[in-house]
Amino acid sequence: EQKLFEFKYFRKVYSVLGKSASELIPQKRLFMAAPTSVRFLHEKAYVNGKWTEAASGKTFDVVNPSNGKKIGVVPDMDATDTQNAIQFAQTAFESWKETTAKERSVILRKWSELCMQNKDELAKLLTLENGKPLAEATGEVMYGTSFMEWFAEEARRVYGDIIQSPAKSKKILVFKQPIGVAGMITPWNFPNAMITRKACAAIAAGCTVVLKPAEDTPYSALALCELAEKAGLPPGVLNIVTCSRSNAGEVGKMLCENPMVKKISFTGSTVVGKILLQQSASTVKKVSMELGGNAPFIVFDSADLDQAVNGTMVSKFRCSGQTCVCANRILVQEGIYPKYIQKLAEVMSRDLKIGDGFESGTTQGPLINSNAVEKVDGHVQDAIQKGAKLVLGGQKKGGNFYAPTLLQDVTLDMKCAKEEIFGPIAAIHKFKTEEEVIKIANATTAGLAGYFFSQNISQVWRMAEKLEYGLIGVNEGLFSMTEAPFGGWKESGLGSEGSKYGLNEYLEIKYVCLGGM
């Protein structure tokens with residue numbers, strides 16, 4: 001039974017990468033006790049190819065969210081440290097932009113090979129600082145590494161253009177050139193993949209990077225630097241500035257307002273994104289942002305019940321519900337509502353296990369910190385007070401753990417319907433008609449991800465066009481792929497990451513008119 005569980009879990013985790021069943025079976029060895037030592041754990045920042053302390057000498061602790069124990073320390077850098085990193089990145093840009101696409105491609109591909117060779121160790125480090133189950137951590141490392149491989153290939157596909165001129169004496173040329181130093185701020189929930197999706201696109205385009213990782217998960221970022229250096233990435237091309245939450249504001253402001261930084265890429269909350277947009281306006285920077293979501297997950301009467309429940313499980317409970325594309329408002333049509341509730345409760349009870357990410361069989365790790373636990377519990381208590389029925393869970397489980405929770409009869413005035421939950425709560429609403437659910441789904445300022453399940457092909461086309469979201473899963477709860485564009489509508493973001501479109505975020509278009517021809 002344990003082997004069967006491991007197989008099914010890995011199959012779902014790795015489905016995004018297209019791995020076959022036979023490739024997953026050997027991965028069962030990853031279930032193990034927490035490591036006593038971890039490779040690639042660096043307690044210094046990485047600037048201009050050197051392991052660096054903060055000028056002030058200050059550090060801050062990084063803790064394991066599963067047990068609250070200190071893992072180590074990293075430098076608590078400030079605006080001055082960040083300014084120095086930007087200057088090094090600008091100097092490096094002058095030579096890096098002159099490299100050929102092939103040269104950049106070779107380095108990125110070598111980097112990807114080194115990451116794959118060390119994926120187990122990188123996954124252990126990720127689980128140690130983030131808490132997610134080791135299977136998920138390994139899947140993330142493989143997903144993150146796929147961006148290295150992808151942009152190694154896309155680097156050689158940056159094409160300009162020749163446009164037919166209306167004047168015989170003039171030729172119209174279009175160049176695409178790297179924008180310059182890119183400032184990046186990444187989140188804690190995907191501390192490997194969110195870095196590679198951004199930084200590898202920039203590096204492939206010929207840009208240099210100054211990146212601030214989340215204070216909760218800096219070690220995965222620093223581990224990537226060690227392997228990038230071994231792959232031959234020159235000093236100053238990738239720079240990691242670590243800082244505590246107390247210094248995050250001034251570091252972010254320096255990235256946004258420094259005129260040497262030409263591009264900002266941020267993944268995080270909408271509130272912080274708006275602040276960074278305001279700061280970036282002072283130098284009219286190019287900006288891409290992936291911000292908060294409030295994803296509708298719609299199940300129509302015509303849906304395949306098993307397919308809808310399985311989609312709910314992977315969309316809602318991956319990373320313990322702490323992803324920006326998690327199902328937030330689960331909207332179920334009244335005809336299938338009772339069966340869906342019953343089936344989801346059965347599968348949740350059977351398949352979800354809380355525990356340390358290194359423990360065998362764990363599918364639900366901790367929330368990232370105590371504030372996250374309090375927020376999730378507040379949503380549950382608010383829903384119950386306003387009339388929702390608690391079917392499963394609803395309890396704190398000690399430390400940063402919270403029981404996977406199922407609520408039914410949720411209404412639109414509850415916090416879990418109006419706010420991004422970011423935790424393991426499946427909040428189920430009932431609806432009657434397609435027209436009603438479209439209005440409910442679109443009645444939010446968020447527009448990142450949406451899902452719906454239906455076997456009615458006409459309905460599939462209507463819903464795919466009418467939902468106001470940048471990412472749509474149709475009869476699918478897990479849609480993130482390297483080859484596909486990732487970006488939100490409305491207040492959920494600007495621009496796209498990944499895919500053939502991701503490189504354009506780090507390129508400028510130049511029109512050249514050749515006269516006297």
Side-chain angles (χ1 to χ4, degrees), residues 9 13 16 30-35 37-43 60-74 115 118-145 185-198 211-225 240 242-245 248 267-269 290 317-326 353-359 362-373 375-376 397 399-402 404 422-424 480:
Y9 188 50
V13 169
V16 69
L30 291 174
F31 291 100
M32 59 182 68
S37 62
V38 180
R39 289 181 60 198
F40 304 119
L41 196 157
H42 293 280
E43 295 191 305
F60 66 97
D61 294 345
V62 181
V63 301
N64 181 338
S66 287
N67 55 30
K69 293 182 179 179
K70 177 179 172 180
I71 302 170
V73 300
V74 289
C115 286
N118 294 281
K119 68 180 186 299
D120 290 354
E121 293 300 321
L122 293 174
K124 292 175 189 175
L125 182 61
L126 199 159
T127 292
L128 192 65
E129 64 178 346
N130 171 276
K132 66 175 61 177
L134 196 53
E136 284 192 27
T138 304
E140 180 186 336
V141 170
M142 295 174 71
Y143 178 51
T145 301
I185 302 175
T186 56
W188 50 262
N189 55 345
F190 291 94
N192 178 290
M194 292 301 95
I195 290 173
T196 59
R197 192 165 72 185
K198 296 175 187 293
L211 185 146
K212 187 200 85 65
E215 63 273 11
D216 298 295
T217 55
Y219 291 130
S220 290
L222 297 170
L224 287 170
C225 292
I240 303 295
T242 59
C243 72
S244 65
R245 186 162 300 180
T267 296
S269 72
E290 189 242 297
F317 296 106
R318 183 167 58 108
C319 199
S320 299
Q322 300 173 111
T323 86
C324 53
V325 296
C326 275
K353 177 186 175 183
I354 300 173
D356 186 286
F358 292 102
E359 292 178 0
T362 293
T363 66
Q364 300 291 287
L367 301 186
I368 192 63
N369 53 40
S370 59
N371 290 336
V373 174
K375 177 187 174 182
V376 167
K397 304 299 286 186
N400 293 329
F401 292 91
Y402 199 87
F422 236 67
S480 297

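Keep in mind it's a predicted model, so treat the numbers as computed, not measured.
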At what distance, to the nearest 0.5 angstrom, does [atom1] of [X] lie from [atom2] of [Y]?
| X | Y | atom1 | atom2 | answer |
| --- | --- | --- | --- | --- |
| I185 | K212 | CD1 | NZ | 6.0 Å |
| E140 | L126 | CD | CG | 4.5 Å |
| I195 | L224 | CD1 | CG | 5.5 Å |
| N369 | E215 | CG | CD | 9.0 Å |

Heavy-atom closest contact ([X] atom, [Y] atom, distance):
| X | Y | result |
| --- | --- | --- |
| W188 | T217 | CA-OG1, 3.3 Å |
| P65 | N400 | O-ND2, 3.0 Å |
| A223 | L122 | CB-CD2, 3.8 Å |
| Y219 | E129 | N-OE1, 2.9 Å |
| G144 | T196 | O-OG1, 2.8 Å |
| A137 | T127 | CB-OG1, 3.2 Å |

Do [X] and [Y] have side-chain heavy atoms sitting under 4.5 Å apart?
| X | Y | result |
| --- | --- | --- |
| F190 | K132 | yes |
| K397 | Q364 | no |
| T363 | F317 | no |
| L367 | F401 | no |
| T186 | K198 | yes |

- Given the options N130, L41, N118, V141, L125 meets side chain to side chain contact (heavy atoms under 4.5 Å, CB included) only with L41
Donor-acceptor check, side chain of [X] to backbone of [Y], threshold 3.5 angstrom: yes or no?
| X | Y | answer |
| --- | --- | --- |
| E136 | P133 | no |
| E290 | T267 | no |
| T362 | D356 | yes |

- Task: Begin with the C-alpha distance, continue with both residues' side-chain angles, and end with the deciding distance and a verdict on side chain to side chain contact (heavy atoms under 4.5 Å, CB included) for N189 and F422.
- Result: CA-CA 10 Å; N189 55 345; F422 236 67; 3.7 Å; yes
- side chain to side chain contact (heavy atoms under 4.5 Å, CB included) evaluation trace for Y143 with N192: CA-CA 9 Å; Y143 178 51; N192 178 290; over 6 Å; no
- Step-by-step side chain to side chain contact (heavy atoms under 4.5 Å, CB included) determination, I240 to L211: CA-CA 5 Å; I240 303 295; L211 185 146; 3.8 Å; yes
- Task: Test side chain to side chain contact (heavy atoms under 4.5 Å, CB included) on F40 and S220 and set out the steps.
- Result: CA-CA 8 Å; F40 304 119; S220 290; over 6 Å; no
